[in-house]
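Because only heavy atoms are used, hydrogens play no part in the values below, and waters and symmetry mates are left out as well, while side chains stay in. These numbers come from a predicted model, not from an experiment.
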Protein chains: 2
Amino acid sequence: MVRIKDIAIEANVSEGTVDRVLHNRGGVSKKTEEKIKKILERRNFSINPVASALAMKNNHNLAVLIPEYNKTDSFWKLPYLGLLKGSEEVKNIGVNVTYFKFNQYSPESYVETFNNLIKTKPKAVVLVPMFIKETHLIVRELKKTETAYVFLNVDIEGVEGSVYVGQDSYMSGYIAGKLMKLSLPDGSGCGILKTSTSTGDNQAIAKRIQGFKDYYEGSPIESVLYELKVQSFGDRMNLASSVHQFLEEFPSIKGLFVPSSRISAVVDVLSEEQKKYLKLIGFDNTPENVACLKNNTVLFLISQKPFDQGYEAVRIVSNYLVKNKVLNDKLYLPIDILTKENVDYNDATQRMFENDLKQ
Amino acid sequence: MVRIKDIAIEANVSEGTVDRVLHNRGGVSKKTEEKIKKILERRNFSINPVASALAMKNNHNLAVLIPEYNKTDSFWKLPYLGLLKGSEEVKNIGVNVTYFKFNQYSPESYVETFNNLIKTKPKAVVLVPMFIKETHLIVRELKKTETAYVFLNVDIEGVEGSVYVGQDSYMSGYIAGKLMKLSLPDGSGCGILKTSTSTGDNQAIAKRIQGFKDYYEGSPIESVLYELKVQSFGDRMNLASSVHQFLEEFPSIKGLFVPSSRISAVVDVLSEEQKKYLKLIGFDNTPENVACLKNNTVLFLISQKPFDQGYEAVRIVSNYLVKNKVLNDKLYLPIDILTKENVDYNDATQRMFENDLKQ
DNA sequence: TATAAAAACGTGTGCGCACACTATTTTTTG
DNA sequence: CAAAAAATAGTGTGCGCACACGTTTTTATA
């Protein structure tokens with residue numbers, strides 16, 4: 001391992017001079033600069049990143065604003081775990097991550113938590129922009145304080161210069177459409193189950209439906225789509241009667257598309273007979289949904305890779321802080337197609353990390 | 001950031017004592033040990049890996065033994081890029097990676113390159129065990145010198161205590177079977193195209209075929225599989241005549257499964273008519289194959305995630321060297337289902353890295 | 001030529017930790 | 001109870017680099 005010191009000795013100068021050359025600090029005569037550069041080249045020198053990181057006392061602080069999770073509503077657990085894993089890694093390069101959690105149903109909680117966050121004067125922020133109006137206020141504040149920020153999982157349109165890490169919702173719906181059409185015999189009908197109330201201002205579900213429909217319309221083979229608007233996936237009785245009535249009314253339906261993460265609730269109200277002949281496609285690798293994959297009631301799940309979203313978000317922001325790598329405006333994560341057979345492999349990373357945590 | 005010094009001050013002891021507790025060096029009284037441990041816990045202390053790496057003068061050297069690649073046969077480029085990306089990251093924790101490339105068609109080259117490698121006395125080795133017999137010799141040498149090792153991409157059975165990073169070939173074939181059956185009308189036939197000469201002693205392709213067949217046999221709906229053994233995917237004329245004869249002989253065939261990475265060669269010899277009615281499923285996201293996905297001639301590709309394989313291999317070995325994390329025996333990477341629509345998203349990481357390299 | 005100003009270069013300290021070495025306290029033994 | 005031995009605790013140095021500051025050399029100015 002060649003050190004700065006070695007270069008300095010060979011060039012008959014001090015370490016400081018080599019340092020100045022390495023960092024283009026100026027104050028070195030043309031002649032010695034050339035001499036040093038040649039030696040650097042010849043000895044194939046590269047800065048020891050470990051020592052460099054230590055000396056620079058990199059203490060970038062990064063704040064995360066994310067919905068809290070609990071047993072009944074565990075969606076935000078996986079992004080959180082991914083963020084944690086990312087945080088652990090970027091410690092190596094001197095980045096410190098702090099978490100601020102808000103109630104995903106309350107805009108007030110969102111804003112209040114952000115106010116607490118901004119008091120800590122972070123260098124950058126990763127946030128889930130659940131509410132459009134409030135997010136515009138927040139972004140204004142972030143710009144004023146020149147704090148870098150990245151949207152996680154939820155994208156808000158019309159925010160200039162914003163960076164997004166998450167899924168391309170439209171395309172994921174489009175792919176769901178392709179898989180559905182592939183799985184159904186020609187001429188079959190297909191139902192789309194949506195809910196009237198959707199959390200926050202998130203428009204992901206609408207985009208998925210749009211993608212799904214667009215694939216169907218663009219496809220050469222004729223087939224019909226039917227839509228059912230259910231009140232809530234939480235109300236089991238109500239859901240059951242709606243779905244059964246829907247399926248009776250349109251007996252050509254051989255497939256159901258559930259563009260939210262609640263397809264397991266739908267499975268829950270189907271008869272054994274219906275589970276057999278219906279092809280089901282849904283979203284998100286929640287434990288309940290994965291169970292449905294495994295018992296063959298659900299054919300495909302499209303995964304948002306929530307764990308990876310958190311992980312990548314922390315990493316790209318850290319690389320921006322530490323290495324000045326540019327923040328691209330969109331980082332679309334892979335659109336994972338999950339089946340009974342591959343789901344365990346595709347979840348392996350996050351499972352390994354969870355196991356590590358327990359120890 | 002809590003430092004050892006902070007802990008020492010709070011516990012009213014010296015840094016040396018805290019150090020002894022942290023590393024179980026002994027020589028600390030029960031009482032102070034308990035006191036310090038409590039404080040460590042409460043302050044949520046963790047060793048600063050950067051400073052630690054520097055102080056330990058961590059110069060773990062890691063050697064990689066991998067086939068070389070060129071324009072015509074670029075498969076090994078992606079694992080290599082993944083290894084490079086991993087190498088860059090683990091620099092931060094004091095791991096130095098060196099590459100040794102061999103000719104994938106020559107066992108002699110394999111062994112000779114290894115001999116050069118082992119002279120550098122690496123602490124651990126990542127290798128692609130292309131040849132069974134030679135690998136046994138290599139493993140014996142590695143065990144003798146107590147060098148940790150990890151198999152990349154290719155798994156050799158019957159090597160005790162070996163660690164593998166790659167795909168579960170059987171399951172990937174199984175999933176291909178599922179997708180194929182889903183895509184074909186009931187009662188259609190399906191062809192499997194294999195080659196008689198396969199590189200090295202790699203049995204991945206055989207396992208994929210086995211998985212594919214097993215799905216077909218386990219599936220309730222009746223359908224027939226036909227196999228065609230072609231001489232070589234490189235010989236275009238020969239391939240063309242074999243395939244055409246095959247398809248004429250078995251007109252019920254509506255789908256082709258190509259368990260190697262050369263499905264683009266098959267597309268190349270099909271007529272426009274055949275491209276229309278045949279459903280094609282193959283392996284690996286080579287540029288040629290991806291092009292076939294995009295022009296709708298290939299329906300699905302199963303990706304081995306070669307880039308990720310390299311990346312993960314370097315990381316797990318480094319974590320073993322630096323943090324003493326155990327090496328699990330198998331690290332099966334996600335089985336990615338690629339379609340025209342999602343392929344760009346799923347390749348994004350490696351593309352980003354390639355762009356970074358060019359700058 | 002003397003002197004100030006600017007350019008070029010050298011020196012020293014600290015980042016947080018690992019580890020060897022030295023100093024102190026406690027326990028054992030005759 | 002004193003001396004020796006053992007257990008426990010403190011101190012100091014260096015890892016390779018970044019950066020502030022001090023020193024010497026060169027160039028510009030009167």
Side-chain angles (χ1 to χ4, degrees), chain A residues 1-37 39-40 43-61 88 90-96 321-324, chain B residues 1-37 39-40 43-61 90-96 123 321-324:
Chain A
M1 183 118 229
V2 189
R3 301 162 301 168
I4 287 185
K5 192 173 180 180
D6 301 315
I7 303 293
I9 292 174
E10 185 166 342
N12 241 322
V13 296
S14 73
E15 298 183 39
T17 304
V18 178
D19 174 74
R20 273 182 281 267
V21 172
L22 283 172
H23 296 87
N24 289 314
R25 289 192 219 283
V28 181
S29 71
K30 272 259 170 290
K31 215 178 63 186
T32 43
E33 177 164 356
E34 280 315 307
K35 183 170 63 174
I36 290 175
K37 277 191 171 166
I39 298 178
L40 289 172
R43 302 285 303 264
N44 198 11
F45 176 87
S46 70
I47 290 180
N48 178 334
V50 176
S52 174
L54 182 62
M56 287 211 277
K57 201 172 154 31
N58 271 344
N59 205 2
H60 303 289
N61 47 341
E88 208 174 86
V90 298
K91 263 192 193 171
N92 289 333
I93 51 175
V95 177
N96 213 333
L321 289 176
V322 176
K323 305 177 186 167
N324 272 316
Chain B
M1 183 117 229
V2 190
R3 300 162 302 167
I4 285 184
K5 192 174 180 179
D6 301 314
I7 303 292
I9 292 174
E10 185 166 342
N12 239 321
V13 296
S14 72
E15 298 183 39
T17 304
V18 177
D19 175 74
R20 272 182 283 267
V21 172
L22 282 173
H23 296 88
N24 288 315
R25 288 194 220 283
V28 180
S29 70
K30 273 257 169 292
K31 215 178 62 187
T32 42
E33 177 166 356
E34 280 316 305
K35 183 170 66 177
I36 291 175
K37 277 190 170 166
I39 297 177
L40 288 171
R43 301 285 303 263
N44 198 11
F45 175 87
S46 68
I47 290 180
N48 178 334
V50 176
S52 175
L54 182 61
M56 286 208 284
K57 205 171 158 26
N58 259 349
N59 208 357
H60 299 291
N61 47 342
V90 298
K91 261 192 195 169
N92 289 332
I93 51 176
V95 177
N96 213 330
K123 296 245 178 70
L321 289 175
V322 177
K323 302 178 188 165
N324 271 314

Asker: What closest approach, in Å, do B:Val28 and B:Thr32 show between heavy atoms, and which atom pair accounts for it?
Answerer: CG1-OG1, 3.3 Å

Asker: Calculate the interatomic distance between A:Lys5 atom NZ and C:dG12 atom P; express it in whole Å.
Answerer: 13 Å

Asker: Taking all non-hydrogen atoms of both residues into account, name the closest pair between B:Glu15 and B:Ala8 and its distance.
Answerer: N-CB, 3.8 Å

Asker: Can you give the first and last nucleotides of DNA chain D, 5' to 3', that have an atom under 4.0 Å from a heavy atom of chain B?
Answerer: D:dT8 to D:dG16

Asker: Which heavy atom in A:Lys37 sits nearest to a heavy atom in A:Val21, and how many Å separate them?
Answerer: CG-CG1, 3.9 Å

Asker: Is there a side-chain contact between B:Phe45 and B:Ile4, using heavy atoms and a 4.5 Å cut-off?
Answerer: yes

Asker: Would you compute the distance between atom CD1 of A:Ile36 and atom CG of A:Asn12 and round it to the nearest 0.5 angstrom?
Answerer: 10.5 Å

Asker: Which part of the nucleic acid, if any, lies within reach of A:Leu22 when heavy atoms closer than 4.0 Å are counted: base, sugar-phosphate only, or nothing?
Answerer: nothing

Asker: Closest nucleotide of DNA chain D for A:Ala55 versus for A:Arg20: which of these residues is on the 5' side?
Answerer: A:Ala55

Asker: Between the axis at one end of the helix from C:dT1-D:dA30 to C:dG30-D:dC1 and the axis at the other (five pairs apiece), what's the angle to 10 degrees?
Answerer: 50°

Asker: Does any residue of residues 11-19 of chain B have a heavy atom under 4.0 Å from DNA chain C, and if so, which ones, in number order?
Answerer: B:Asp19

Asker: How is B:Leu54 classified with respect to the nucleic acid when contacts are heavy atoms under 4.0 Å: base, sugar-phosphate, or nothing?
Answerer: base

Asker: By nearest heavy atom, map A:Gly27 and A:Ala51 onto DNA chain C; which one lands nearer the 5' end?
Answerer: A:Gly27

Asker: For the residue pair A:Arg43 and A:Val2, what are the closest heavy atoms and their distance?
Answerer: O-CG2, 3.7 Å

Asker: Please report the closest heavy-atom contact between B:Leu54 and A:Val50, naming both atoms and the distance.
Answerer: N-CG1, 3.7 Å

Asker: Distance check, rounded to the nearest 0.5 Å: B:Asn96 atom CG versus B:Lys91 atom NZ?
Answerer: 7.5 Å

Asker: Please examine the side chains of A:Thr17 and A:Arg20, heavy atoms only from C-beta on, and report whether any two atoms are closer than 4.5 Å.
Answerer: yes

Asker: Name the residue closer to the 5' end of DNA chain D, choosing between A:Arg3 and B:Ser29 according to the nucleotide with the nearest heavy atom.
Answerer: B:Ser29

Asker: Tell me which one of A:Lys5, A:Arg3, A:Arg25 satisfies salt bridge (charged side-chain N to carboxylate O under 4.0 Å, His left out) with A:Asp19.
Answerer: A:Arg25

Asker: From B:Ile47 CD1 over to B:Leu22 CG, what is the distance, rounded to the nearest 0.5 angstrom?
Answerer: 5.0 Å

